[in-house]
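Written below as structure tokens is the structure these notes are about.
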Amino acid sequence: MTAALHPMTTEHAPHGAAPPRAGDVAADATAAVLELRIGELRQLFNAMDPAPFRERDLDPNAETYIVEWARETRPGQPLLLVIHLGHEVAPAGQESMLREAVDGHFRQRAQSTRRELRQLFRIGRISLLIGIAFLAGAIVIGEFVAGFVDKASYGGIIRETFVIGGWVALWRPLEIFLYDWWPIRAQARLFERLGEMDVRVLGAAPAAAAAGVAP
């Protein structure tokens, strides 16, 4: 179960800053800007997470949207998240805490992804040793069995069968070292960028906030 993110509208400028509007926060012209409109600040976080505010996980839907947006930006481009609150005034002094919470969430995701990458390489190294040992054994056994066959053609088939089986055993480590690791590293780098993202909050006007909570 996740916190509701509705009503929410989004505006983003993956290749540059969003054009400024009245009441918006002026942004660095080089930054990619994502603007989220939510009713209340708590909607940004996982409602089931009992951790304190600074350590709370983001709502899964919000996290997915932010990550997909960041993936479309230029590598190395600064990121800025602007949160517009529709039903509450921006809490005094909470912007730095929100930035710490959002950045801390993505830094933890980066660390977790780096651990996943190290574990993948560890599995790859072990699998490679097993595969090489199996290939060597398959070659020796193939030569040994082929020596008991009278016809050279049959012996060659048996020998090649064992060799092919040995190379198949190397498929998984080769897949890890050729293909599996770099998407995980790219994900970790993306989380690290998000862990340095600037976060700003624009609250609703007091009258609008009062109307939003009125019975």
So, taking the atom named [atom1] in [X] and the one named [atom2] in [Y], what distance separates them when rounded to the nearest 0.5 Å?
X: W167; Y: F134; atom1: CH2; atom2: CZ; value: 13.0 Å
X: R109; Y: L190; atom1: CZ; atom2: CG; value: 10.0 Å
X: L44; Y: N61; atom1: CG; atom2: CG; value: 11.0 Å
X: Y179; Y: L174; atom1: OH; atom2: CG; value: 9.0 Å
X: R122; Y: Q119; atom1: CZ; atom2: CD; value: 5.5 Å
X: L34; Y: L194; atom1: CG; atom2: CG; value: 10.0 Å

Would you name the heavy atoms of [X] and [Y] that are closest together and state the gap between them?
X: Q43; Y: D59; answer: O-CB, 3.9 Å
X: I158; Y: V145; answer: CG2-CG1, 3.7 Å
X: F177; Y: R125; answer: CZ-N, 3.7 Å
X: G124; Y: P173; answer: O-CB, 3.7 Å
X: W69; Y: A32; answer: CZ2-O, 3.4 Å

Are any of the side-chain heavy atoms of [X] and [Y] separated by less than 4.5 Å?
X: R107; Y: E192; result: no
X: R99; Y: S96; result: yes
X: E40; Y: L85; result: no
X: L79; Y: R193; result: yes
X: V82; Y: L36; result: no
X: T113; Y: F191; result: yes
X: R185; Y: R114; result: yes
X: L80; Y: M197; result: no

Applying the 4.5 Å side-chain criterion to the ILVMFWY set and letting contacts propagate, would [X] and [Y] be lumped into a single cluster?
X: W182; Y: L128; result: yes
X: V67; Y: L117; result: no
X: I141; Y: L170; result: no
X: I132; Y: I176; result: yes

Residue pair D103, D198: steps toward the side chain to side chain contact (heavy atoms under 4.5 Å, CB included) verdict: CA-CA 8 Å; D103 291 351; D198 193 11; over 6 Å; no

- request: Step by step, work out the side chain to side chain contact (heavy atoms under 4.5 Å, CB included) result for H84 and I38.
  value: CA-CA 6 Å; H84 298 264; I38 57 179; over 6 Å; no

E116 vs I184, side chain to side chain contact (heavy atoms under 4.5 Å, CB included): CA-CA, chis, key distance, verdict: CA-CA 8 Å; E116 179 183 348; I184 300 176; 3.9 Å; yes

- request: Report the relative orientation of the aromatic rings in W181 and F121; use parallel for angles under 30°, tilted for 30 to 60°, perpendicular for over 60°.
  value: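 It falls in the tilted class, 30° to 60°.
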
- prompt: Sub-3.5 Å donor-acceptor pair from the side chain of S127 to the main-chain atoms of I123, do we have one?
  reply: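 Yes.
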
CA sep, side-chain torsions, deciding dist, call: D57, F45, side chain to side chain contact (heavy atoms under 4.5 Å, CB included): CA-CA 6 Å; D57 289 337; F45 296 93; over 6 Å; no

